[in-house]
Each structure stands twice: as structure tokens, then as C-alpha cells.
Engineer: 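Below is one structure. I have some questions about it.
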Amino acid sequence: MNEKSLKIIHTADLHLDAAFESEPDGGFERRREQRRVLMKIAETARDEKADLLLIAGDLFDSDMCYAETRDVLTEAFTICACPVFISPGNHDFLSSDSPYSKLHLPENVYIFKEGPSCISLHSKGVRVYGAGFTDRYSPSLFEKLKTERQEDVFNIGVFHGVIDNCLSAKYNPISPDQIKECGLDYLALGHVHTASGLQRFGNTYYAFPGCPQGKGFDECGDKGFYIITLTGPGNPLTEARFQSSAETLYREENITVPIDGEIMLLPHAAENEILRVRLSGSVHNKPNISALKLRAEKENAGRISFVDETDFFSASPDAPQGSLRWYFEKNIEELRGTTGSSYESLLLEEAMKLGRAALENGELNPANGGQIL
């Protein structure tokens, strides 16, 4: 058995120097976090004695690059102590205004240009294939890939793109059949901001590492990068180890608000979390968001915001007191006030609609949310 092995650090979608416009300091501290995350990745490459560091696109969020970021990039790529391969993506595509045109990076850094090309590292027994975006959108770059198989040589690919059978997609679509037939041992992908786990088509393993640091509530949960180990070129035994790297985590939580609009317990955000609470349910009184924010501050609930998605739930004002409809609606409201289950609340709301329709011999119109015609 061939015991030749290769260790890779695979990251993507760092989106350095993103705007973070909603942050109170204009995003200054969040951009500093991004630079520290980049340093963590480089230090891991050094400590793990990685053979390659692969960055599968969107290293930058745009053509904007601060001087501090340029300095950190130079330091990070120097201390990682291994070759670095970058395939620019749709956010940091190659152009005359691209950050890559303004950088003076160490000699161990390789930036792939338009069209797939190959860089051979004979001392490591590896060929690295890649291609870069030259605009915000890109047709298939991967379909032009041509690989060569050589004994005891690993074939590695690094591309920004999406797995999609529809080759008219906008972001370098790559079909499962193309991966199956590409001749790569490992394909490092970027663009999808959620870690995929190690996947395989044919003899080719591939993965999306997700972004190593979330930028908003569309990127909740743990974030990081992969440490990939391959043993034996041609049909390698491959292992992917996820390494957490985010300094700040985004989290969302849902609360079904009682019918009186009063929230007894507030959730708490951990020190490294930004928490958004969605308030749902049907209520007599809408929650006071300003009061909730002040209360969260007093209770040291951490960085927390609220989104009010409640709606009003009330009996009809025209139901005569003592009538059958009045008693029906009164009982439904009382039940709604005692339930703590969002599922039961939905059932009671539906019961209110159906009961009103039955009592008035009315027909429910599904096109407007079940209101009586």
C-alpha cells in the first residue's frame, strides 16, 4: 500500500473588508475579527505542517482592501510556511480594480487566472488546478479542465462555483458527472457559506468549507474551515476535519408570545454571540420592542435584537354579548391564553376562523388567509 500523504488547509469565502453597515462602529471591529480569523487559518497551516493552503474564492468582499488587510495577508501567507493557492470568485473577481492587482504577496502565493491552469509542485508530488472569475458572473470554468494522471502524484483542484446540472447557472456551475470524471483526487470548492462535509462523486472527494466567519443572520451557527488529509494518490483515503474559527457567532431564536403580549423570560446571548429573537403568535397587545431592548440591557442579555412578527388575535366587536358566537370566541381566547405551544396556538386560530364561518354560514377564502368572504 502506498503511504504517501498530503495535508491541506481548505478555506473560502472570508469576504475580507466587508462593509458591515449595520454595526454601530461602521464595522471596524468586525473587520478586525476577519483579519484575526485569517491569521488563525495561517497559524493552523503552520502548526499542522500543511502541504497546501487552498482559498476557493471570495477572499475579499469587493475591490476594497484596507492597508491593514494587505499587511495581515502578507504576514499570514508568510507564517503559514506552505504554498498558497487562490481561485478568485464572484466577489473578488480578477480585474484592473481587483485587490489582487494591488497586492505584493510572498512568492509562495499563486493566484489562478481565467481558464483552468495547472501548477506542479514536484517536491510535494502534487498538481494543483484552478481558475478565477473575471466578472461577477461566470459560465462554467470547470468544463474546460483537463487533468493528467501520473503515478504517485496527487491531483488537487480549487474552484469557486456551485454544483448544478444546469450549466447556464451564473456562478461557474459544476455538474456531478463533471466531478466524477475530472480526474482530481480532491476538489476544494467555495461559494456556499455552509460547510458541506466531505462528499464524493466517483473517485473524487470534494467539499465546501463554508465561510470561516459569519457576516449576518443568514450565516448562523458555527463557522470554520477544513483540514484535509489524503493518503495514496489515484484513489486516496481522504479525511476532513472541521476546525472552528469564528470569533462572533450569529444565532436566531423564536418565541411564541402569550396572548397578553407579556414575555416572562428573555433568552441570553453568549459573549461571542449576536442573537436575534423573532416574536410570533397572535396577541391582544403587541410587544413593546423598545421596552424589551431596555430590559435585555438591564438583564445583561448580551447583544440581542427583536423582530416583531406577531399579529392581533381578538373577538369580533359585533358579536352580541351572550350570543353563541360570543361564547365561542370567548372560550377560544381563553384557551389561547393558557397554551404554551405554538402548534396549539395555530390550531386555535384555525378553529376561530372555521367556527366563525360555520356560525355565519360563510365560506373561507384560501386566497386571503382564510378570511370569511
Side-chain angles (χ1 to χ4, degrees), residues 13 15 18-27 29-30 33-34 61 192-196 208 210-224 244-315 332-354 364 366-371:
D13 299 289
H15 289 272
F20 295 108
E21 294 174 351
S22 63
E23 292 291 321
D25 63 355
E29 182 55 39
R30 301 305 313 283
E33 285 182 354
Q34 288 182 314
D61 190 62
V192 177
H193 286 199
T194 302
S196 66
F208 291 93
C211 54
Q213 169 84 23
K215 302 194 308 301
F217 289 103
D218 57 340
E219 298 170 356
C220 290
D222 197 12
K223 298 296 176 183
S244 298
S245 60
E247 294 199 356
T248 296
L249 302 178
Y250 287 86
R251 179 165 67 90
E252 277 197 321
E253 190 165 322
N254 297 313
I255 291 181
T256 301
V257 181
I259 197 165
D260 60 6
E262 293 294 324
I263 300 172
M264 300 302 294
L265 294 174
L266 288 181
H268 279 65
E271 187 175 347
N272 68 331
E273 284 184 329
I274 298 177
L275 173 62
R276 181 166 69 184
V277 178
R278 292 188 175 275
L279 306 176
S280 62
S282 295
V283 297
H284 286 317
N285 303 302
K286 287 287 230 176
N288 187 327
I289 299 300
S290 297
L292 285 173
K293 288 180 179 178
L294 289 173
R295 182 177 154 195
E297 290 177 7
K298 289 180 180 178
E299 295 180 9
N300 295 316
R303 289 179 287 182
I304 182 172
S305 61
F306 300 89
V307 178
D308 184 6
E309 296 178 342
T310 60
D311 56 14
F312 284 107
F313 182 90
S314 60
I332 291 287
E333 286 193 20
E334 288 175 354
L335 287 171
R336 176 65 176 82
T338 59
T339 181
S341 164
S342 58
Y343 176 69
E344 289 178 359
S345 295
L346 290 172
L347 289 179
L348 289 170
E349 289 176 37
E350 188 66 18
M352 178 73 89
K353 294 175 185 177
L354 293 171
L364 294 179
N368 68 356
Q371 300 302 309

Engineer: Can you tell me how far the CD atom of E23 sits from the CZ atom of R30, to the nearest 0.5 Å?
Structural biologist: 5.5 Å
Engineer: Rounded to the nearest 0.5 Å, how far apart are NZ of K215 and OG of S22?
Structural biologist: 11.5 Å
Engineer: Contact between L266 and V277 at the side-chain level, heavy atoms closer than 4.5 Å - yes or no?
Structural biologist: no
Engineer: Could you pull out the closest heavy-atom pair between P212 and D13, with the gap in Å?
Structural biologist: CD-O, 3.6 Å
Engineer: Consider side-chain hydrogen bond (donor to acceptor under 3.5 Å, both in side chains). Of E219, H193, Q34, which one does H15 pass it with?
Structural biologist: H193
Engineer: Within the structure provided, determine whether R276 and S305 are in side-chain contact (heavy-atom separation under 4.5 Å).
Structural biologist: yes
Engineer: Nearest 0.5 Å please: distance from the CD atom of E271 over to the CG atom of L249.
Structural biologist: 12.0 Å
Engineer: With rounding to the nearest 0.5 angstrom, report the CG to CG distance, L292 to L279.
Structural biologist: 6.5 Å
Engineer: In Å and rounded to the nearest 0.5 Å, what is the OH to CG distance from Y250 to N272?
Structural biologist: 12.0 Å
Engineer: Side chain to side chain contact (heavy atoms under 4.5 Å, CB included) between E252 and R278: does it pass, once the steps are laid out?
Structural biologist: CA-CA 7 Å; E252 277 197 321; R278 292 188 175 275; 3.1 Å; yes
Engineer: Please report the shortest heavy-atom distance between G224 and S245, naming the atom on each side.
Structural biologist: CA-OG, 3.3 Å
Engineer: State, to 0.1 Å, how close P267 and A301 come at their nearest heavy-atom pair, and which atoms those are.
Structural biologist: O-CB, 3.8 Å
Engineer: Are F20 and D25 close enough that some pair of their side-chain heavy atoms sits under 4.5 Å apart?
Structural biologist: no
Engineer: Determine the sole option in K223, E33, E247 for which the side-chain hydrogen bond (donor to acceptor under 3.5 Å, both in side chains) test with Q213 is passed.
Structural biologist: E33
Engineer: Let me confirm one number: the CD1-CD1 distance from I274 to I304, rounded to the nearest 0.5 Å.
Structural biologist: 12.0 Å
